[in-house]
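Right, one structure below, let's go through it.
These values consider heavy atoms only, across backbone and side chains, with no hydrogens, waters or symmetry-generated copies. Because the structure is predicted, anything quoted here is derived from the model rather than measured.
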Amino acid sequence: MQRRSFLKSVATGLAAAMTSLRSNPSAASQQVPGSSTTKKQLSPNTILLKDYRPRSIYKIPVTEVARAKFPIIDMHSHAYANTPAEIADWVRNMDEVGVERTILLTETFGQEFIDVQRKFAAYPDRFEIWCGFDYTGYNQPGFGPQAVRALEKCHAAGAGGVGELHDKGKGLVSRAVNAYGMHPDDARMDSLFERCGQLGMPVSLHVADPIWMYEPMDNTNDGLMNALHWRLDNQPNVVRLSGMIDILERTLKKHSNTTFIACHFANLDYDLARLGEVLEKHPNLYADIAARYAETAPIPRFAAKFYSQYADRLVYGTDMGFDKEMYRVTFRILETSDEHFYEHDMFSYHWSLNGFALPDEILRKVYRSNAEKILNSRGK
């Protein structure tokens with residue numbers, strides 16, 4: 001899920017600022033230190049939450065992590081690059097920051113899957129392409145065999161796994177078909193998940209969304225600045241987050257021979273204790289940490305304890321493009337003990353972030369060895 005709309009938010013913030021200034025020409029001006037120019041300063045009474053961009057003034061250590069401490073397999077990315085030049089840039093960035101291989105969750109099948117494969121074919125050791133499911137006819141009698149055949153064709157063409165499957169509460173959706181009303185535990189999905197297990201194809205499954213999207217959009221929602229854009233509280237016929245975790249658990253239990261990777265901590269970043277319970281009950285489940293750095297970095301001690309307790313079940317992921325600085329922010333959170341810093345360019349929340357200072361043993365597992373365990377078990 002692509003949540004990072006920085007340029008859009010900047011443009012919106014600038015437009016709001018200009019509107020406010022035009023309506024309040026007496027707003028105070030502030031002299032920029034060391035500059036002969038001045039800039040208009042908004043009144044504190046007119047600053048909107050969506051435009052809030054705090055900066056830390058604490059005089060504390062700032063650690064720059066240019067390269068990950070250990071080699072990485074990124075288990076959650078997408079086909080962001082569109083041209084050979086962009087793909088080459090991506091590979092150079094991976095080399096520079098220490099990412100050994102990237103799993104591309106394409107959701108595609110048929111010719112579209114083949115097209116993505118061809119696009120990245122120049123780097124077979126750096127990118128692995130995963131496919132999606134074909135939900136065509138999901139609401140018609142006899143759904144299943146055609147979807148299984150499409151899956152088998154992708155596997156024969158080189159698909160290493162399936163994902164990212166999405167169900168935020170209305171049902172499974174894909175780039176091609178919105179299968180509203182059909183959740184992962186639906187009997188119509190049984191043949192697909194069973195075939196994944198037989199073929200040794202791990203399934204990357206996104207259930208629900210962060211808890212703040214389901215909460216009332218009021219002054220008590222501390223994730224409001226991000227949640228408002230992705231809100232689910234006003235959507236009809238949505239299974240809420242806790243119900244989606246129940247659906248995930250029923251799916252895991254039914255398909256115990258299939259390996260699942262819950263994207264984004266299964267969106268239990270706010271309740272890691274429950275995620276721990278789910279992991280303990282279902283040995284066929286892993287969780288990726290992609291695009292939930294901002295949601296866990298505000299609770300560094302609790303999060304670090306969770307990483308320690310479930311170090312064998314977590315895998316590194318990004319889901320945020322392929323810019324070098326993006327990778328480095330994730331390294332700073334995972335590897336350092338830095339405190340109270342902001343990354344507005346990447347995250348839409350206003351929270352300050354903190355590092356987990358994970359020990360080497362845990363970093364090795366999260367960065368690479370757990371992913372190797374998943375990938376190397378295929379076909380066994």
Side-chain angles (χ1 to χ4, degrees), residues 1 75-76 105 107 130-135 137-145 147-148 151 161-174 177-211 213-214 232 235-290 292 306 310 312-315 374 377:
M1 177 176 58
M75 290 292 289
H76 189 145
L105 308 177
E107 307 178 61
W130 288 19
C131 67
F133 285 151
D134 180 3
Y135 300 128
Y138 80 97
N139 55 353
Q140 301 297 321
F143 171 77
V148 170
L151 171 68
V162 174
E164 172 186 6
L165 306 182
H166 287 83
D167 186 349
K168 297 182 180 183
K170 288 189 173 184
L172 289 157
V173 299
S174 71
V177 178
N178 292 329
Y180 291 140
M182 183 172 73
H183 299 289
D185 65 339
D186 194 295
R188 289 170 287 182
M189 294 296 298
D190 287 350
S191 60
L192 282 165
F193 287 136
E194 285 300 302
R195 192 62 179 133
C196 286
Q198 294 163 3
L199 294 172
M201 301 178 75
V203 177
S204 180
L205 178 58
H206 177 144
V207 294
D209 244 1
I211 187 65
M213 284 60 169
Y214 300 88
L232 292 167
Q235 297 293 309
N237 304 316
V238 169
V239 179
R240 292 179 66 87
L241 198 156
S242 183
M244 288 306 305
I245 301 304
D246 293 339
I247 287 173
L248 172 64
E249 290 207 69
R250 289 194 291 269
T251 305
L252 295 168
K253 185 176 181 179
K254 279 207 293 184
H255 307 290
S256 58
N257 292 322
T258 301
T259 297
F260 290 85
I261 304 164
C263 301
H264 317 301
F265 291 104
N267 282 303
L268 286 172
D269 38 70
Y270 82 106
D271 189 0
L272 293 173
R274 183 173 182 188
L275 177 57
E277 293 171 357
V278 176
L279 290 168
E280 289 173 5
K281 285 192 288 184
H282 305 284
N284 58 325
L285 178 67
Y286 292 81
D288 80 38
I289 66 174
R292 294 299 179 268
F306 179 83
Y310 298 100
D312 293 326
R313 310 290 289 281
L314 302 175
V315 295
I374 295 170
S377 68

Task: Worked check of side chain to side chain contact (heavy atoms under 4.5 Å, CB included) between Phe133 and Cys196 - done: CA-CA 11 Å; Phe133 285 151; Cys196 286; 3.7 Å; yes
TODO: Go through the steps for Thr251 and Met189 under the test side chain to side chain contact (heavy atoms under 4.5 Å, CB included), then give the verdict.
DONE: CA-CA 9 Å; Thr251 305; Met189 294 296 298; over 6 Å; no
- [ ] Could you please spell out the steps behind the salt bridge (Lys or Arg N to Asp or Glu O under 4.0 Å) verdict for Asp246 and Arg274?
- [x] CA-CA 11 Å; Asp246 293 339; Arg274 183 173 182 188; 2.9 Å; yes
Task: Steps toward side chain to side chain contact (heavy atoms under 4.5 Å, CB included) verdict (Tyr214, Asn267) - done: CA-CA 12 Å; Tyr214 300 88; Asn267 282 303; over 6 Å; no
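Between the Lys254 side chain and the Asp185 main chain, a donor and an acceptor come within less than 3.5 Å of each other. No donor-acceptor pair under 3.5 Å is formed between the side chain of Asn178 and the backbone N or O of Tyr180. Side chain of His206 to backbone of Ser204: no donor-acceptor contact under 3.5 angstrom is found. Under a 3.5 Å cut-off, the side chain of His255 and the backbone N or O of Asn257 do not form any donor-acceptor pair. Looking at Asp269, its side chain never comes within 3.5 Å of a backbone N or O of Arg292 through a donor-acceptor pair. Counting only distance, with no hydrogens or angles, the side chain of Arg313 and the backbone of Leu279 share a donor-acceptor pair below 3.5 Å.
Listed here is the closest heavy atom pair of Ala266 and Leu275: CB-CD1, 4.3 Å. When all heavy atoms of His183 and Gly169 are compared, the closest pair comes out as CE1-O, 3.4 Å. What you find for Ile374 and Pro202 is that their closest heavy atoms are CG2-CG, 3.7 Å. When every heavy atom of Met201 is checked against every heavy atom of Val162, the shortest pair comes out as CE-CG2, 3.9 Å. Residues His264 and Ala290 share a closest heavy-atom pair of ND1-O, 2.7 Å. Taking each heavy atom of Asp186 and Gly181 in turn, the nearest pair found is OD2-O, 4.1 Å.
Using a 4.5 Å heavy-atom cutoff, the side chains of Phe143 and Met182 are in contact. Side chains of His76 and Ile261 form no contact here, defined as non-hydrogen atoms less than 4.5 Å apart. Between Val278 and Glu249 the shortest side-chain heavy-atom distance falls below 4.5 Å. Here the side chains of Gln235 and Lys168 are not in contact, with every heavy-atom distance at 4.5 Å or above. Between Tyr135 and Leu165 there is a side-chain heavy-atom pair separated by less than 4.5 Å. Considering only heavy atoms from C-beta on, Tyr270 stays 4.5 Å or farther from Phe265 through its side chain. Using a 4.5 Å heavy-atom cutoff, the side chains of Val207 and Ile247 are not in contact. Counting only heavy atoms from C-beta outward, the side chains of Pro184 and Leu248 never approach each other to under 4.5 Å.
A salt bridge between Asp190 and Arg250 is absent, with no side-chain N of the basic residue lying under 4.0 Å from a carboxylate O of the acidic one.
Ring geometry for Phe306 against Tyr310 counts as tilted: the plane angle lies between 30° and 60°, on a 0 to 90° scale.
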